[in-house]
Number of protein chains: 2
Amino acid sequence: MKIRKEYTCPLEIVHDILRGKWKTVILWQLKYRGKASLSQLEQDINGISQKMLLEQLRELREFGIVDKINFEGYPLRVEYFLTEDKGEKILTALEIMQEVGRQYIKELQKNK
Amino acid sequence: MKIRKEYTCPLEIVHDILRGKWKTVILWQLKYRGKASLSQLEQDINGISQKMLLEQLRELREFGIVDKINFEGYPLRVEYFLTEDKGEKILTALEIMQEVGRQYIKELQKNK
DNA sequence: CGGTATCCTTCGCGATACTG
DNA sequence: CAGTATCGCGAAGGATACCG
């Protein structure tokens with residue numbers, strides 16, 4: 001993820017954060033799971049590799065959109081979840097985009 | 001812009017469309033302009049090249065998010081604008097992201 | 001003014017192997 | 001189970017020149 005030195009608009013920051021292929025899907029999954037372990041997310045998200053998943057989760061945590069808890073002991077266990085302020089808020093934006101997506105698909109089928 | 005053959009979720013389609021560096025900024029500008037010519041957008045959007053601008057506008061039109069009118073005669077004149085259904089709707093999502101961006105900046109300054 | 005074509009660089013991301 | 005490191009390819013995007 002490439003972050004610029006200067007931004008003229010707050011929207012661009014958020015957009016640069018979310019631009020990657022996987023971040024929105026990860027957030028979507030976290031919404032429906034509530035809390036999720038790494039392996040749960042890996043199973044739920046079709047085609048993602050562990051490396052990508054961890055990388056994107058780390059970036060999302062850096063920006064306060066996602067947080068996690070580390071549990072002690074073996075086997076290792078973690079819980080990822082959306083933050084209340086930024087995480088949940090961004091989800092409301094994604095829901096709107098989801099709706100537009102549905103509308104788009106609907107129109108495609110009409111035109112068949 | 002890379003569009004996949006199959007999608008499991010309508011959100012991913014919209015996200016793939018908007019993923020590029022410039023599309024959200026273009027949409028944002030179109031909202032405040034209402035209608036805009038190519039050269040107006042080129043001036044308003046810091047750092048964008050004409051090639052990028054045209055490329056992104058074409059893609060946005062393909063997906064029914066933006067539309068344009070060609071006026072006859074010389075000098076050539078066009079008007080780009082958001083579509084009422086998908087265009088305006090996506091803007092409401094971008095406004096939320098904008099808000100999260102403001103919040104993020106605020107927190108950065110607190111922690112200085 | 002609006003739009004197209006070409007070339008070249010950079011970056012996202014997939015594959016794969018390894019660690020506590 | 002959770003996490004890190006490396007490497008190679010293809011897509012995104014910048015610069016530039018040209019056309020109606």
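Below, chains carry the letters A, B, ... as their sequence lines are ordered, and counting in each starts from 1. Being a predicted model, the structure only gives us computed values, none of them experimental.
At a cut-off of 3.5 angstrom, the base of dG13(D) holds no donor-acceptor pair with the side chain of Glu55(B).
Backbone-only engagement by Tyr80(A) is indicated by non-hydrogen atom pairs under 4.0 Å involving sugar-phosphate atoms exclusively. Using a 4.0 Å heavy-atom cutoff across all strands shown, Ser49(A) reaches no nucleic acid atom at all. Across all strands, Arg19(B) comes closer than 4.0 Å only to sugar-phosphate atoms, never to a base (heavy-atom distances).
For the pair Lys23(B) and dA12(D), the criterion of a side-chain N or O lying under 4.0 Å from OP1 or OP2 is not met. For Lys51(A) and dT6(D), the shortest distance from a side-chain N or O to OP1 or OP2 is not below 4.0 Å. Using a 4.0 Å cut-off, no side-chain N or O of Lys21(B) falls inside it from OP1 or OP2 of dG13(D).
Note: CE (Met52(A)) to C1' (dC7(D)) measures 13 Å, nearest angstrom. When the C1' atom of dC13(C) is taken as reference, atom NE2 of His15(B) falls 14 Å away, rounded to whole Å. If you measure from atom CZ of Arg77(A) to atom P of dC1(D), you get 13 Å, rounded to the nearest angstrom. Taking atom CG of Leu38(B) as the reference point, atom C1' of dG3(C) lies 8 Å away to the nearest angstrom. Atom CD of Gln40(B) is separated from atom P of dC1(C) by 11 Å (rounded to the nearest Å). One interatomic measurement links the two molecules: CD of Gln56(A) to P of dG14(C), which rounds to 9 Å at whole-angstrom precision. Leu53(B) places its CG atom 13 Å from the P atom of dG13(D), with the value rounded to the nearest Å. If you take CZ of Arg4(B) and P of dG10(D), they are 18 Å apart, rounded to a whole angstrom.
Here the CZ atom belonging to Phe81(B) is positioned 4.5 Å from the CD1 atom belonging to Ile69(B), to the nearest 0.5 angstrom. Between the CG atom of Leu27(B) and the NZ atom of Lys23(B) there is a distance of 9.0 Å, given to the nearest 0.5 Å. Taken from CD1 in Ile90(A) to CD1 in Ile17(A), the straight-line distance is 7.0 Å, to the nearest 0.5 Å.
Across dG2(C), dC1(D), dG14(C), the shortest atom-to-atom separation from the side chain of Ser39(B) is found for dG2(C). When each of dG13(D), dG3(D), dG2(C) is scored by its nearest atom to the side-chain atoms of Trp22(B), the top-ranked nucleotide is dG13(D).
Mapping Pro75(A) and Arg58(A) onto DNA chain D via the closest heavy atom, the residue that lands nearer the 5' end is Pro75(A).
The backbone N or O of Val66(A) lies less than 3.5 Å from no partner atom in the side chain of Arg61(A), so there is not a single donor-acceptor pair.
A continuous path of Ile, Leu, Val, Met, Phe, Trp and Tyr side chains, each step under 4.5 Å between heavy atoms, connects Leu18(A) with Leu54(A), placing both in one hydrophobic cluster.
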